[in-house]
Visitor: 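Before we start, here is the structure in question, set down as structure tokens.
For the single chain, residues carry numbers from 1 onward in sequence order. Worth saying up front: this structure is predicted, and the values here are computed from it rather than measured. Hydrogens, waters and symmetry mates play no part in the numbers below; they use all other heavy atoms, side chains included.
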Amino acid sequence: LHDHYEMDDFDEGGGDGGGGGGGGCEDVSVFGGEVQNKNATGGESWQSGVEERWGRGRGRVGRVHVVETVVTVMVKDINDNPPIFPNTTMFGEVQENGPIDLSVGVISAWDADDTSEGTNARLTYSIEKNVIHERTGEAIFTVDPQSGLIRTALCCLDREATPEYHIQVVASDGGGLKGTGTVVVRLADVNDNSPRLARQLW
């Protein structure tokens, strides 16, 4: 929005039958507050500020007003960013031989989309590849879909049998985009084994 033009038509002879219509084109610039008057003979005159316009032989015609404003363009968000885990490999720890529902750790991802725009950045968590208990066939871990808290689903994990587990977790946003990560769950040792003699007979 740089310049705008206004045209006034003045007849020197007064009316349609007069000789050569006068007329002039006024260029009003919004920068610097200058008015450029261009008449029919090609002459130009500049004056500072926005002043009154004058017609030939007709006195003052009117006043030109220039108004400026600021336009703010809001860019609407679309779901074009998948969730990301800051660390693709995360670590948790749980005590061996513990009861069911022990806390292992909390996973957390972030999404670059606008959190206030629908569900574009609203994340939920799930386990894509769990560890299955050999004897029962049940999943060993669970995750809260909202908080990302991982817990044990079974009791009595044995560090001497399996010192650590690897599970694959997923963060999904409201638009279906996903990010994945790996959680390494280590078992903390407890004193649950008595000493044994290396030989029965010495």
Visitor: State, with a plain yes or no, whether a side-chain heavy atom of Thr182 is found less than 4.5 Å away from one of Val169.
Guide: no
Visitor: Can you list the residues that meet the side chain to side chain donor-acceptor pair (under 3.5 Å) rule with Glu128, with sequence neighbours excluded?
Guide: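 Partners of Glu128 by the side chain to side chain donor-acceptor pair (under 3.5 Å) criterion, ordered by chain and then number, come out as Gln168.
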Visitor: Can you tell me how far CG of Asp113 sits from CG of Asp77, rounded to the nearest 0.5 angstrom?
Guide: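 Rounded to the nearest 0.5 Å, the CG-CG separation comes out at 4.5 Å.
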Visitor: Report the distance from atom CG of Asp144 to atom CD of Gln146, rounding to the nearest 0.5 Å.
Guide: 6.5 Å
Visitor: Under the side chain to side chain donor-acceptor pair (under 3.5 Å) definition, can you give me all pairs with a residue in residues 148-161, not counting sequence neighbours?
Guide: Ser103-Arg151, Arg159-Asp189
Visitor: Provide the closest heavy-atom pair for Tyr165 versus Ile140 in the form atom of the first, atom of the second, distance.
Guide: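 Heavy atoms of Tyr165 and Ile140 come nearest at CE2-CD1, 3.8 Å.
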Visitor: Taking all non-hydrogen atoms of both residues, which atom of Ile100 and which atom of Cys155 are closest, and how far apart?
Guide: N-CB, 3.7 Å
Visitor: For the CG atom of Leu149 and the CG atom of Asp101, what is their distance to the nearest 0.5 Å?
Guide: 8.5 Å
Visitor: For residues Leu154 and Thr136, determine if any side-chain heavy atom of one lies less than 4.5 Å from a side-chain heavy atom of the other.
Guide: yes
Visitor: Taking atom types as modelled and ignoring hydrogens, do the side chains of Asn97 and Asp192 form a donor-acceptor contact shorter than 3.5 angstrom?
Guide: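 Short answer, yes.
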Visitor: Between Ala139 and Asn130, which heavy-atom pair has the shortest distance, and what is it?
Guide: CB-ND2, 3.4 Å
Visitor: For the CD atom of Glu164 and the OG1 atom of Thr162, what is their distance to the nearest 0.5 Å?
Guide: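 The CD atom of Glu164 sits 10.0 Å away from the OG1 atom of Thr162.
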Visitor: Take Phe141 and Val143, measure what side chain to side chain contact (heavy atoms under 4.5 Å, CB included) needs, and give me the verdict at the end.
Guide: CA-CA 7 Å; Phe141 301 99; Val143 63; over 6 Å; no
Visitor: Taking the side chain as every heavy atom from C-beta outward, state whether Ser172 and Thr124 have any pair of such atoms under 4.5 Å apart.
Guide: yes
Visitor: If you measure from CD1 on Ile150 to CD1 on Ile127, what distance do you get to the nearest 0.5 Å?
Guide: 5.5 Å
Visitor: Could you tabulate the donor-acceptor pairs under 3.5 Å formed by side-chain atoms of residues 83-94, not counting sequence neighbours?
Guide:
none

Visitor: Please answer: with hydrophobic residues joined when any side-chain heavy atoms are less than 4.5 Å apart, are Leu102 and Ile107 in the same cluster?
Guide: yes
Visitor: Glu96 and Val190: which non-hydrogen atoms are nearest, and at how many Å?
Guide: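 Scanning both residues, the minimum pair turns out to be OE2-N, 3.0 Å.
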Visitor: Taking the side chain as every heavy atom from C-beta outward, state whether Tyr125 and Ser108 have any atom pair closer than 4.5 Å.
Guide: yes
Visitor: State the CG-CG distance between Asp80 and Asp111, to the nearest 0.5 angstrom.
Guide: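 Reported value, rounded in 0.5 Å steps: 9.0 Å.
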Visitor: Please report the shortest heavy-atom distance between Asn120 and Ile78, naming the atom on each side.
Guide: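 Looking at all heavy atoms of both residues, the closest pair is ND2-C, 3.7 Å.
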